[in-house]
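Structure record follows, encoded as structure tokens.
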Amino acid sequence: MSGINYSEKIPNNVNLSEDRTLQRALEQWQPNFINWWDDMGPEGSTDTDVYLRTAVSVDPQGWAQFGHVKMRDYRWGVFLNPGEQDRKIHFGDNIGEKAWQDVPGEHRANLRRIIVTQGDTEPASVEQQRHLGLTAPSMYDLRNLFQINVEEGRHLWAMVYLLHKYFGKDGREEADALLQRNSGSVDNPRILQAFNEKTPDWLSFFMFTYFTDRDGKFQLCALAESAFDPLARTTKFMLTEEAHHMFVGESGVSRTIQRTVDVMNQLKTDDVAKLRAAGVIDLPTLQRYINFHFSVTIDLFGADQSSNAATFYSAGLKGRYEEGKRADDHVLKGNSYKILSVENGTLVEKEVPMLNALNEVLRDDYITDSKGGIERWNRVIAKAGIPFKLTAPHKAFHRNIGSLSGAKITPDGRVVTDAEWMAQVGEWLPTNEDRAYVASLMGRVVEPGKFANWIAPPVMGINRQPVDFDYVRFN
Ligand SMILES: [Fe+2]
Ligand SMILES: [Fe+2]
């Protein structure tokens, strides 16, 4: 294999051409990755050329190179943000010591687990989204879907690099297993439940990329603080790509709303039946989709009290969001934090040691961030002069993990009986009718510059190209 030009085939800044051990591991894994892509990647896309950005280096000119490429020929690369000289650990019990350039023996199992759990979500989302290309609302949207898919593929490469480089034989086995588990599989599912759910339609896709890719952002931000420097640098680079995924979600929902309010004004109605007859997605249905995706995603942060979270923090494996900007001692031994539970039929706050509540801390930071986009969506509605407001549901609504798991709590935070829940859940979460209606709108529109009836065109194209550019060429 010595004739391979590694920087050409696998763009990287990890000195791959000099690292024989890493070359051997990646060369064995790469054909399995391509097989996985062919079997589980975007359906019906083999012959299409897609206007994709590829990272070929970490400097500003290199990280986003655009051109038409076949997805299976995409140059999935391995990039770490540049290292900081003499970086020190800035939180936990080892604060002030040198950051680790290798994996300390005592943290090996936990670090491997963290990397595998993150790595598992990346191919999982590609699998969840693999049918969506068949019902794309436009060529522009199809290109964005494919861009996200190849970048989730690159995120998988990023985690596989860490496993191959730092975890020896078990790392190679874990990297193989990342291609063997499959989203929704009965025998061998993905690790986290939200990544085993279907992404059945484009509204779900936009909600997923707004809410669930944002969970990705917060997990990556927490790992970008890690004392294990290669993990910190890898995740920092991944965050540059994640921003586009969340943009696709936010602008996708925003354009859906735009089209709906335009039709509401044309027809001078907020009648759901009339709006559905006109082929747009009514605002109450959008609210139910928000309720669903918000609640399922905040479960991904884990139980509100977790001794693992405390261990990961104190050991320096995983920090808080923007750890470096916080004013406390970054050890948190005497600190407390408020979590919610249901006692005697009401929601109550209780103080617990902050170290055990770090999942909740990250969840709360996520909630603040995700509410920002909902406010921007509301501006689209307000600008159209329509008196309707979308809101994030209460944190305790529809939870399936931690102390709120299974509690019956309304989107505005009232504890209700099972009977009240059953009577009203159809107002709070998407019903079968909602889902069937949204599914009925999904038809493929791929003529350049044309858009499905339920969604408005974007304000701008990708990389300053016009909106009617041929982003995808079908051969
Ligand atoms: Fe990702
Ligand atoms: Fe993503």
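Every number for a ligand or one of its atoms is a count from 1 in the order of the listing.
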Taking the six-membered ring for Trp, are Tyr161 and Trp157 closer than 6.0 Å centroid to centroid?
no
Test: Lys325 and Asp365 ion pair at under 4.0 Å
no
Check this for me: does any side-chain nitrogen of one of Asp304 and Arg363 sit under 4.0 Å from a carboxylate oxygen of the other?
no
For Phe397, what residues pass the ring-ring contact (aromatic ring centres under 6.0 Å, His included) criterion, not counting sequence neighbours?
Trp421
At distances under 2.8 Å, what protein N, O or S atoms surround the Fe ion (ligand 2)?
Glu152 OE2, Asp213 OD2, Glu242 OE2, His245 ND1
Name all residues meeting the side chain to side chain donor-acceptor pair (under 3.5 Å) criterion together with Arg435; count only those two or more places apart in sequence or in a different chain, and write none if there are none.
none
Holding to side-chain contact (heavy atoms from CB on, under 4.5 Å), I want the full list of residues that pass it with Ser138, two or more places apart in sequence or in another chain.
Tyr140, Asp141, Phe451
